[in-house]
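Note sheet for the following structure.
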Amino acid sequence: MSVMSRTKPMLVPALALMAIAALAGCSSGPASVGLAPGLSARMDAPGASLDRVQALSIVNAYRATNGLPPLASDAGLDGTAQALASQYAATGNAPKTPAGVVGMKLSAGYATFAETFSGWRNSPADAAGLNANATKAGVAVAFNPNSSYGIYWVLVLAN
């Protein structure tokens, strides 16, 4: 077996991970080049709305680098994630994982999904959670200007 045939399977995931890292590192603001607008939109801006499709796509790109199948967007899980994010923003207390959810990622204080995702990806425990054995996901954000962190993120994974 040649050196190229042994390294090629590792090269594709490595390149994909580098691309994700480069995109996530570009989250300085809406003018960032190469970062999808939905990933760099500040959730503390008036009229802000999370682009769930783009958020889930970066999670799925990360999962692909680890040889995992993509997660399907699920409207019911989006609703669960929204209720949990709203509760988190209102109380400042991390919500408990609901029944039927195989994984949940929480974040507070990051203004954009790109920043939130980078935090999860760079934490070994959170990164492992992104790779949970799941088939579908829901993601949400809540903003409370009177809270400690302001912006609260929730990603829930299920089968």
Side-chain angles (χ1 to χ4, degrees), residues 13 15-66 68 70-98 101-132 134-158:
L15 290 173
L17 187 55
M18 289 179 359
I20 290 170
L23 288 175
C26 296
S27 62
S28 62
S32 297
V33 176
L35 189 62
L39 299 176
S40 61
R42 292 187 59 91
M43 293 295 110
D44 57 354
S49 177
L50 173 62
D51 187 327
R52 288 179 166 90
V53 172
Q54 288 182 3
L56 190 55
S57 77
I58 196 169
V59 171
N60 282 333
Y62 177 77
R63 287 174 58 87
T65 66
N66 292 294
L68 297 169
L71 300 165
S73 179
D74 184 272
L77 288 176
D78 283 340
T80 297
Q82 191 62 63
L84 293 168
S86 295
Q87 172 193 343
Y88 195 12
T91 66
N93 298 317
K96 298 196 182 327
T97 304
V101 169
V102 300
M104 181 168 72
K105 297 285 100 211
L106 305 173
S107 180
Y110 292 114
T112 71
F113 188 78
E115 294 168 348
T116 295
F117 175 77
S118 290
W120 289 337
R121 184 197 64 221
N122 293 328
S123 160
D126 287 329
L130 293 172
N131 292 323
T135 58
K136 55 189 180 176
V139 62
V141 62
F143 176 59
N144 179 352
N146 299 316
S147 66
S148 298
Y149 294 101
I151 303 170
Y152 298 81
W153 300 89
V154 176
L155 172 71
V156 291
L157 308 173

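Numbers for residues simply follow the sequence, beginning at 1. In this text the structure is predicted, and so the values were computed from the model without any measurement.
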If you round to the nearest 0.5 Å, how far is OG1 of T65 from CG of N131? 7.0 Å
Closest heavy-atom pair and its distance - A81, A140: C-CB, 3.4 Å
Hey, are the side chains of W120 and Y62 touching, using non-hydrogen atoms and a 4.5 Å cut-off? no
Closest heavy-atom pair, M43 versus V141, reported as atoms and distance to 0.1 Å, is SD-CG1, 3.7 Å
For Q54 against A36, the heavy-atom pair lying closest together: OE1-CB, 3.2 Å
Ignoring hydrogens and geometry, is there a side-chain-to-backbone donor-acceptor pair from N60 to P70 under 3.5 Å? no
Do L50 and W153 touch side chain to side chain, with heavy atoms closer than 4.5 Å? yes
So which heavy atom on A132 is nearest to which on R63, and how close? O-NH1, 2.9 Å
Min side-chain heavy-atom separation S147-Y152 under 4.5 Å: yes
Considering only heavy atoms from C-beta outward, does the side chain of S73 approach that of V53 to under 4.5 Å? no
Y149 atom OH, over 12 foreign heavy atoms within 6.0 Å: no
Keeping N66 on the side-chain end and L68 on the backbone end, is there a donor-acceptor pair under 3.5 Å? no
Check whether any side-chain heavy atom of L155 sits under 4.5 Å from a side-chain heavy atom of F117, and report yes or no. no
All heavy atoms of L157 vs all of V101, minimum pair found to be O-CG1, 3.4 Å
If only atom types and distance count, is the side chain of D78 paired as donor or acceptor with the main-chain N or O of V139 below 3.5 Å? yes
Indicate yes or no: at least one non-hydrogen side-chain atom of T112 is less than 4.5 angstrom from one of R42. yes
Work out which heavy atom in T80 is nearest to a heavy atom in P98; give both atom names and the distance. CG2-CG, 4.0 Å
Say whether, by atom type as modelled, one donor and one acceptor occur between the side chain of T91 and the main chain of Q87 under 3.5 angstrom. yes
In Å and rounded to the nearest 0.5 Å, what is the CD1 to CZ distance from I58 to R121? 7.5 Å
